[in-house]
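Just below is one structure, and these are the notes that go with it.
In what follows, chains carry the letters A, B, and so on, assigned in the order in which the sequence lines appear, proteins first and then strands, with residues in each chain numbered from 1.
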Amino acid sequence: MSRELLGTVMVSRVGGVLTAGRVVETEAYLGESDPGCHAVAGRTKRTWHLFDAAGAAYIYFTYGMHWCTCAVTEREGWGSAVLIRALEPLAGIPVMYRRRGPAATHDRLLASGPARLSVALGLDGALDGAPITRGALVFRAGTPVPDADVAITGRIGFSAKNPARDWPLRWVLRDNPWTSRGA
DNA sequence: ACGCGGATGGCCT
DNA sequence: GGCCATCCGCGTA
């Protein structure tokens with residue numbers, strides 16, 4: 001699913017305002033058997049919607065200040081999801097600047113990171129568990145991405161002792177300026 | 001162009 | 001008490 005979401009267009013309508021971006025970077029989280037997945041702790045209040053059926057949003061709070069947005073990908077109770085890590089801004093760019101504040105000094109800083117794009121699209125706990133097939137947050141088909149343009153790497157942000165640190169579960173568009181690490 | 005540390009709070013041990 | 005699926009600003013070069 002991480003591969004399929006590359007190139008799709010993530011569209012939000014929050015506060016009556018439409019913003020959208022092309023997905024250029026994703027990460028997979030593989031349920032309770034994945035030491036890097038929030039599902040390892042079981043279904044708690046925080047991770048409740050991670051265990052929903054495919055088609056729900058899982059939007060979680062981390063580091064005391066950031067929201068990050070995932071698409072749940074498997075059956076009810078499975079706990080698997082795809083974290084959206086970066087977007088190429090397509091629509092509502094002035095709104096994204098307003099939401100992101102003074103730190104966004106360039107288009108490339110609007111949505112190049114999971115917390116950044118969540119702010120840019122107005123996504124937070126209010127949409128945790130919302131459907132991603134209709135409503136305030138949806139994914140629409142975009143131009144298909146050929147395999148030659150896709151790179152697979154380890155996931156970002158893991159501590160050194162996490163055994164899943166180097167699992168190849170990050171999908172990113174090659175040489176794309178909108179990703180979370182420049183390329 | 002890098003690297004580092006502080007912010008900030010919920011959740012697990 | 002410690003750990004985060006992060007981001008930002010400041011330091012050195």
Quiz item: Rounded to the nearest Å, what distance is computed from the CG atom of residue A:Leu109 to the P atom of nucleotide C:dG9?
Solution: 10 Å

Quiz item: From the 5' end of DNA chain B to its 3' end, which nucleotides mark the outer limits of contact with chain A, defined by a 4.0 Å heavy-atom distance cut-off (strictly under)?
Solution: B:dA7 to B:dC12

Quiz item: Rounded to the Å, how far apart are A:Arg100 CZ and C:dT6 C1'?
Solution: 11 Å

Self-check item: Separation of C:dC8 C1' from A:Arg116 CZ (nearest whole Å)
Solution: 8 Å

Self-check item: For atom NE2 of A:His66 and atom P of C:dC8, their distance in whole Å
Solution: 7 Å

Quiz item: Is the closest side-chain donor-acceptor distance between A:Ser112 and A:Arg116 under 3.5 Å?
Solution: yes

Quiz prompt | Minimal non-hydrogen separation, A:Val72 against A:Leu50, with atom names | solution = CG1-O, 3.7 Å

Quiz prompt | Between CH2 on residue A:Trp171 and CG on residue A:Leu6, distance to nearest 0.5 Å | solution = 9.0 Å

Quiz item: A:Arg165 has an atom CZ; how far is it from atom C1' of C:dA5, in whole Å?
Solution: 13 Å

Quiz prompt | Distance, rounded to the nearest Å, where A:Leu117 contributes CG and C:dA5 contributes C1' | solution = 12 Å

Quiz item: Which comes earlier along DNA chain C counting from the 5' end, the contact point of A:Pro102 or that of A:Lys161, where each point is its nearest nucleotide?
Solution: A:Lys161

Quiz item: Relative to A:Trp48, does A:Arg43 satisfy both conditions: NZ or CZ under 6.0 angstrom from the six-membered ring centre, and within 45 degrees of the ring's axis?
Solution: yes

Quiz prompt | Complement of B:dT8, any strand, by Watson-Crick or G-U distances under 3.5 angstrom | solution = none

Quiz item: What closest approach, in Å, do A:Arg85 and A:Ser180 show between heavy atoms, and which atom pair accounts for it?
Solution: NH2-OG, 3.4 Å

Quiz prompt | Nucleotide forming a Watson-Crick or wobble pair with B:dG3, both distances under 3.5 Å | solution = C:dC10

Quiz prompt | Between P of C:dC4 and CZ of A:Arg46, the distance in whole Å | solution = 11 Å

Self-check item: A:Asp34/A:Arg155 ion pair, N-O < 4.0 Å
Solution: yes

Quiz item: Reckon A:Gly36 touches a base, only the sugar-phosphate, or nothing at all at heavy-atom distances under 4.0 Å?
Solution: base

Quiz item: What's the closest nucleotide to the A:Ser159 side chain, out of C:dC7, C:dC4, C:dA5?
Solution: C:dC4

Quiz prompt | A:Tyr60 aromatic ring stacked with six-membered ring of C:dA5, 5.5 Å and 30° | solution = no

Quiz prompt | A:His38 and A:Tyr60 aromatic centres sub-6.0 Å | solution = yes

Quiz item: Is there a donor and acceptor pair closer than 3.5 Å between the side chain of A:Tyr63 and the base of C:dA5?
Solution: no

Exercise. Starting at atom CE of A:Met65, determine the distance to atom P of C:dC4, rounded to an integer number of angstrom.
Key: 16 Å

